[in-house]
Each structure stands twice: as C-alpha cells, then as structure tokens.
Amino acid sequence: MKNLKLLILTLLCTSISLAQQTPASKQTKTIAIMGATAHIGNGDVIPNSVVIFKDGKIVTVADATVIKMDMSDMEIINANGKHVYPGFIVPNSTLGLVEIDAVRATDDDAEIGNFNPHIRSIIAYNAESKVVESMRPNGVLLGQITPRGGRISGTSSIAQFDAWNWEDATVKADDGIHMNWPSSFTRGRWWLGEDPGLKANDKYSEQVNEVTAFFNESKAYADGDKTTTNLPYKACKGLFDGTQKLYIHADDEKGITDAINFAKENKVKSMVIVGGAEAYKVASLLKQNNIPVLLQRVHLRPNAEDDDYDLPYKMAKLLVDKGVLVGLEVSGQMERMNARNLPFYAGTTVAHGLTKEQALQLITSNTAKILGIDDMYGTLENGKNATLFISEGDALDMRTNILTHAFIDGRLISLETHQTELWQRYDNKYKSKQ
C-alpha cells in the first residue's frame, strides 16, 4: 500500500511539472512600463517611453521625458535599456490542431472531402498544447488557427495563446475561408521514373471549373428558398456579403492572376493571397486591386532554377516597395515548431532591404490589418488591447530576443514552458557537477 501511494504521488508530481501554465488572472491594477524603447508597430519608435494599461486596455503611450502624471497608485515596471513591442501574430497556422505528428489522435488539422467551407478549425483547437505554449517566450502571442487539406479547407479563427479552452482563446471567430488554388504547374513523379522537373498541369482548367461550379452553386443557394439546408453552400455566404475573407493559397504567377480574376468575377468582397511565391511578378496587379499577401516562409530555397538565390529573403522588400500590404506566415515543414521563429524571419528581411520597423510591421500591424483585428491588436496605441511584451534587446534578433514580461489583454502571462523547465533542469544538473 505504501508503494502504491508513492507511485501515485510520483505520477501526480510528474503530471503537474509537465502541465501547461495556468492561464493568467485578469488585470486588477494599472501597470506602467517606464523607460523602454517603444516600438509602436506602425513604424514609429519612442526611445524613452511610458506605456500604461488598465483593465486590459492601453491608456497611454508617450514620451517619458515629456509626460507628467500621478503614478502613485500604479504598478511600475522599470524597463530602462529594454524594448517594448506589440505581441507578434502568426497567420495561417495549425498551432493547437496537431500536437505530435506521429500520433494520429492528436492530429486534427484536416477533414476528408474536397470542399469543406463549413469546417470550423477553432473547435479543434487545443488550448493546452505544449507547442502553443512554447510560442510565448519569443513574443508570439496570437495566431490564426487554420485548417488544411482539400480544395476548400475550411474556416480559420484568430486565437490568443493563454486560455483554458478554445472558447476563451477565440479573439475573432470564423474570420475567413481558405481555398487551395490549383497549381498551373506540377512536378514529375520521380519514383515512377518521370522527369522531376516542372511541367504544365493538364488538369488545371478542369480543377478551376470545379471551383467555379461550387461558387455558382453557393450563390444560387444563397438566393434560393433554402428549404433544404446545405452546410457547405451556407458557409460561403460571408464571402459575398463581406463578413468573411477568402484566403486563396496560390504561388505561381498564373495562379495568383487567375485567383484574383476569379474573386472579382464572383463578387467576393475581400480576398488575401497566402503563400505568393511569385507574387512579386504581379505586385502591380495586387496593389491595383488592394489585395494583401501573407507571404511564404522567408527561410526557403527559390522555386525556379533561374530565380535569384536570395529571392525568398528579399521578397517582402520587393512587395513592400510596390505598396502591397504584406504579412509573414510560416506554413510548411515543421510549421508549428517554426512558428516561434516568426520574429527571426522578419529579422531576415532587414538584412535584405527593409528597415527594422518595416520588418516589425510584417508580424504586427500589417498582419492585424489583413486578419481584421487591427482595432484591437497589432500596435501600441490608446484603446487597443494590452497584448505586448518587454524584451531585453532587439526582438527580431535571436541573440537578444529575451523576454522579461509578456501580457495578453493586460494579463501577465507565464513565460515558462515544458522546454524551459527541461533546460533549467539539466542546466542545474551539470552546474552542480562543476
């Protein structure tokens, strides 16, 4: 019996030590961050700032050398020599939908079928994910939880990364529908002895026609008597009345051009290009139609043999210079783990032409505008939610992105994760042997 009790106690201690951090309590006292360099997120910088927030909302962002006010009843955080930033936002992410790739029961990022606009990714979101938790120490505090698979994958939602459940996590539910546009090119199947190079997709027209037919049927359903409920058709209504955005995942020049024309012909009120490997080739068209781009992961190899070797690194610069609204996304191989590297992808764009504040906008204010949450997040401005963090140095540099405090809606969140616990555990182990 004694051994059984010991075993139960050991299991409980183990489960507690590995559990996700308990979501933070609601802000109860006004907080003032003093002396930090404030990176507003819209291009402005205040070298010696005061940032005050109350009841989860920012109430003051000002130059500390100019403003005079009574702070006797506030909690003061001395951030001299440090930097304060708006929380970073990762779009087009499967965070919280997959925990362990090799364990099928933890993988819920895709549904069967080809046209699934009615599938809501947010209800599968795991707020207790250890992967999600590991985003916060790098300043990634919000994300667009996005499904995968099929021609129309489903509906995304915006979540904040400190919550008990998906309902608490939701910032904006069902913000848009995601479509995978057919590629006009395909690669040969090398495992069947085919040339692995690019070749024309001979099914491209057929695949585009399928999408067109589905949208025609959706519009007909919206105008019909609806005596019989059709969930996929019903789910598309928001695309035509402007309450939802159409996120079209497309990479090649022809695909992007055809996708833009498709959206215009079908009177889709708002669309976004996701990926955009060749978006720079149609930058003028994107600007002309006021279409933003959630740009593919910066750390990639060029797609075509004759592309510049550094094209993915400088793509953001090429688009920004043309006046296109650009945000960064990180989908692809190991995308959930790589989401924590979002600020360092932005940092790479600085080395290839953008200023640091322009790069910051790619993961803060620009992304917030694209996702339609810029009234609440994305910049350090009065009236917006106090979702921000303090870093010891430049948060776009992995050497100096060292967070001391982070807040989501004014709540001071924990920066401890399963990974930091393991680091401290083994760091102490080897220190004790020295």
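Everything numeric here is computed off the predicted structure, so don't read it as measured data. Only this structure's heavy atoms are used, side chains among them; waters, hydrogens and symmetry mates stay out.
- Of the candidates Asn401, Asp397, Thr364, Val90, Pro343 forms a side-chain contact (heavy atoms from CB on, under 4.5 Å) with just one, namely Asn401.
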message: Evaluate Leu295 against Leu319 for side chain to side chain contact (heavy atoms under 4.5 Å, CB included), listing each step before the verdict.
response: CA-CA 10 Å; Leu295 190 60; Leu319 292 173; 4.0 Å; yes

field: Test log, rule salt bridge (Lys or Arg N to Asp or Glu O under 4.0 Å), inputs Asp375 and Lys384
entry: CA-CA 7 Å; Asp375 59 329; Lys384 293 196 176 183; over 6 Å; no

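- Between Ser365 and Gly41, the closest heavy-atom pair is OG-O, 2.6 Å.
- Between Lys26 and Asp55, no side-chain nitrogen of the basic residue sits less than 4.0 Å from a carboxylate oxygen of the acidic one, so the salt-bridge criterion is not met.
- The minimum heavy-atom distance between Ala395 and Tyr85, with the atom names listed, is N-OH, 3.1 Å.
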task: Determine, step by step, whether Ile52 and Lys54 satisfy the side chain to side chain contact (heavy atoms under 4.5 Å, CB included) criterion, reporting the C-alpha distance in whole Å, the side-chain angles of both residues, the deciding distance to 0.1 Å, and the verdict.
output: CA-CA 7 Å; Ile52 302 173; Lys54 178 181 180 181; 5.7 Å; no

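- Using modelled atom types, one side-chain atom of Asp252 and one backbone atom of Gly255 make a donor-acceptor pair closer than 3.5 Å.
- A salt bridge links Asp258 to Lys254: one of the charged nitrogens lies within less than 4.0 Å of a carboxylate oxygen.
- A salt bridge between Lys269 and Asp241 is absent, with no side-chain N of the basic residue lying under 4.0 Å from a carboxylate O of the acidic one.
- Ring pair Phe407/Phe389: centre-to-centre distance not below 6.0 Å.
- Here the two rings, on Tyr345 and His299, have centers that are under 6.0 Å apart.
- Between Lys245 and Asp175 there is no salt bridge, since none of the side-chain N atoms of the basic residue sits less than 4.0 Å from a carboxylate O of the acidic one.
- Ion pairing of Glu335 with Arg148 is present here, as a side-chain N (NZ or NE/NH1/NH2) and a carboxylate O approach within less than 4.0 Å.
- Using a 4.0 Å cut-off between charged nitrogen and carboxylate oxygen, Asp394 and Lys356 count as a salt-bridge pair.
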Residue pair Glu133, His418: steps toward the side chain to side chain donor-acceptor pair (under 3.5 Å) verdict: CA-CA 8 Å; Glu133 182 184 67; His418 177 53; over 6 Å; no

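- Ile370 approaches Val326 most closely through the heavy-atom pair CD1-C, 4.1 Å.
- Put simply, the side chain of Glu75 never gets that close to the backbone of Lys29: no donor and acceptor are under 3.5 Å apart.
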